[in-house]
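Below you'll find the structure, written out as structure tokens, and then a few comments.
Labels below follow one simple rule: chain letters A, B, ... track the order of the sequence lines, proteins then strands, and each chain is numbered from 1. The figures here come from the full heavy-atom set of this structure, side chains too, leaving out hydrogens, waters and symmetry mates.
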Amino acid sequence: MTMTTDRPVRVRFAPSPTGPLHIGGVRTALYNYLLARQLGGKMLLRIEDTDQNRFVPGAEEYILEALAWCGIVIDEGQGVGGPHAPYRQSERKPLYRQYANQLIAAGHAYYAFDTPEELDAMRLRLQAAKVASPQYNAITRAQMRNSLTLPDTEVQALLAADTPYVVRLKVPRKEEIRFHDLIRGWVVVHSSAVDDKVLMKSDGMPTYHLANIVDDHLMEISHVIRGEEWLPSAPLHVLLYRYLGWESTMPQFAHLPLLLKPDGTGKLSKRDGDRLGFPVFPLEWRGTDAETGEPTLSRGFREDGYLPDALINFLAFLGWNPGTAQEIFSMDELIAAFSMERVSKSPAKFDQGKVKWYNEHYLRARPDAELAPYLLAALAAHGLSCTPEKAVQIVGVMKERVSFPQDFWQEAKYFFQAPDSYDEAVMAKKWTPAVAAALAEYGDLIADYSRDAGGEAFPPAEDLKGFLTTVVEQHEMKIGQTLQALRVAVTGAAAGPDLFETLAILGPVEVNARLKAAAQGRS
RNA sequence: GGUCCGUUCGUCUAGGGGUUAGGACAGUAGAUUUUCAUUCUACCAACAGGGGUUCGAUUCCCCUACGGACUACCA
């Protein structure tokens, strides 16, 4: 088998625009991209839209946007251009015919005139006869209406009469087909298990199999990295390369393990996301239900608050690992560390908990200034605003305690709105008359301090703590007795970031006002 | 049904003929934080089963079981 290792590395991601890009597709694109970058090769994007019936408007744009959001950069192909344009197979339609003809001329393909009804009948007949694998193949084609069984004159007449036909590959009856897979090693399949696949459909469009091989060859693809669902048809593709005379430049294959549902078994599907409450698409998708025609909304990782770095890091580890203890990888680090040899053979279940963990990690690692816009946006949506500086401060103290950027608003609400209710369990226990008195004095003290500075002073957290210590000592109490009550009176909640940091952000005047409001409500 | 692929803690996985079978997530416990979260520490937890080969197999081979993909004029 030929291993064309010395030619330029060119990989491709070749999705069908039949809907939003699935998260498994994103991983396939990612592995392609990592390999291309690592080896200094090119990453192509080709749109495989040979099925006119399944075309979904907007899907192609979605794919482009999703890849861009993930940081997967396309070097050549749809949306970018390049020397092999067009990169949309529907626009390459005229190109495929000659290869089908070449195959027919060489005796490796033939015309088949069977109607769908005849094909159904054939399958029914074979099933009834308990044939192991009912298919159009070396044996059954002898009973069908094709250019192998019909006299030449009749074939010509049918063709001349524009009778609908397909072109099928003439798969040899007894032959062992071997090919090497980068992940699985040698795979051997007997040709009797491969059927005479349709290469050209009656509408004149090639099927996936023909178009894929022709384009991969023309576009000089060096590695075909795709999902495991393609493994069964790989022997067919090998045959195609051989019969087309391209075996010496046949790409290397790598069939990636599937992504499974988190519960139970089976391939991760669109429905699992809705069922289990997590996205399976990178971006939100507005589609229509295939059966009811109702508009549907599928959530996306982006809209759910996942950071692209986190998603990518997580996805990279679903089926691959560096063999070291390192778990956190930037895209550049992934590029450097990736290797197809370390991709596992077995499928992986999608782990919701782990993505969340990655997201929390990346959220905390992100500079406050980059997180602040999320808070600012939520504020604007609620008709509120604050200075960018304050937003930076708030996300700074909050990011340790949230999983997603959208949580900032929920968690930080009390920085913008005085509490309208208080944690009663804590208040009942901690808001004693003595504590109330001390806190009232504390509020006045810091407010006065601030007023002396023109109402503008925002003392640092340690000063605020110092004031409280002083007041509390005068009341012959311990500071610990007052802390919980102070927090709840000011924020309404029993838990939150460092109390004095919180007070520092709020400012003395506001703190005092809230303290008084809380006291009033309880007197 | 047939063909092909797969099978290590609940999950993602490392490892590999002789190991206390390692890490991460989750879970549990503790420490820190006079809060919660973070962080840190500890604990819990696995080689699908049966045959070989071998001094020795979780590792290599075979079988079984289980799981998955494919089996369209869809990709």
Please report the closest heavy-atom contact between [X] and [Y], naming both atoms and the distance.
X      : Y      : result
A/V214 : A/L95  : CG1-CD2, 4.0 Å
A/R184 : A/H255 : NH2-O, 2.9 Å
A/K261 : A/K267 : NZ-O, 3.5 Å

Run through A/L119, A/T115, A/D114 and flag the one making a side-chain contact (heavy atoms from CB on, under 4.5 Å) with A/E117. A/T115
Stretch residues 193-206 of chain A: residues that reach within less than 4.0 Å of RNA chain B through a heavy atom: A/A193, A/V198, A/K201, A/S202
Selection: residues 402-411 of chain A, any non-hydrogen atom under 4.0 Å of RNA chain B: none
Using the [atom1] atom in both, what is the distance from [N] to [M], to the nearest Å?
N     : M     : atom1 : result
B/C55 : B/U71 : P     : 48 Å
B/U8  : B/C47 : C1'   : 4 Å
B/G10 : B/A45 : C1'   : 9 Å
B/U58 : B/G1  : P     : 30 Å
B/G22 : B/A46 : P     : 11 Å
B/C61 : B/A21 : P     : 23 Å
B/U32 : B/U41 : C1'   : 11 Å
B/U53 : B/C43 : C1'   : 39 Å

Counting the atoms with a prime plus P, OP1 and OP2 as sugar-phosphate, which does [X] contact under 4.0 Å by heavy atoms, base, sugar-phosphate, or nothing?
X      : result
A/K267 : sugar-phosphate
A/T18  : nothing
A/P497 : base
A/D423 : nothing
A/G227 : nothing
A/R184 : sugar-phosphate
A/L231 : sugar-phosphate
A/A494 : base

With RNA chain B as reference, determine whether A/A495 or A/F317 sits nearer its 5' end, using the nearest nucleotide of each. A/F317
Map A/Q484 and A/S346 onto RNA chain B by nearest heavy atom, then report which one ends up closer to the 5' terminus. A/S346
Flag, side chain of A/T163 to backbone of A/L159, donor-acceptor distance under 3.5 Å: no
A/D407 side chain to A/F404 main-chain N or O, any donor-acceptor pair under 3.5 Å? yes
[X] side chain, from C-beta outward: closest of [options]:
X      : options             : result
A/R342 : B/U71, B/G15, B/A75 : B/G15
A/K345 : B/G6, B/U13, B/A75  : B/G6
A/A348 : B/A69, B/U13, B/A37 : B/U13
A/P232 : B/A69, B/C12, B/C5  : B/A69
A/R123 : B/C5, B/U35, B/A72  : B/A72
A/T50  : B/A75, B/A37, B/C12 : B/A75

Only pairs with both distances under 3.5 Å count, Watson-Crick or wobble alike; so what is the partner of [N] in this structure?
N     : result
B/C70 : B/G2
B/U39 : B/A31
B/U7  : B/A65

I'd like to check A/Y110 versus A/D196 (side-chain heavy atoms, cut-off strictly below 4.5 Å). Are they in contact? yes
With a 4.5 Å cut-off on side-chain heavy atoms, are A/Q393 and A/D368 touching? no
More than 12 foreign heavy atoms under 6.0 Å from [atom1] of [X]: is that the case here?
X      : atom1 : result
A/E476 : CD    : no
A/K399 : NZ    : yes
A/R271 : CZ    : no

Ring geometry between A/F281 and A/H22 (parallel below 30°, tilted from 30 to 60°, perpendicular above 60°): perpendicular
Just by distance, no angles: are the side chains of A/N321 and A/R342 close enough, under 3.5 Å, to form a donor-acceptor pair? yes
For the residue pair A/E360 and A/S403, confirm or rule out a side-chain donor-acceptor distance under 3.5 Å. yes
What does the list of N/O pairs under 3.5 Å between the protein and nucleotides 23-28 of chain B look like, with a distance for each?
unit_1, atom_1, unit_2, atom_2, d
B/A24, O4', A/E327, OE2, 2.9
B/A24, O2', A/E327, OE1, 3.4
B/A24, O2', A/K354, NZ, 3.3
B/A24, N3, A/K354, NZ, 3.1

Kindly say if [X] contacts the phosphate of [N], meaning a side-chain N or O under 4.0 Å from OP1 or OP2.
X      : N     : result
A/R364 : B/U38 : no
A/R27  : B/C12 : no
A/N321 : B/A14 : yes

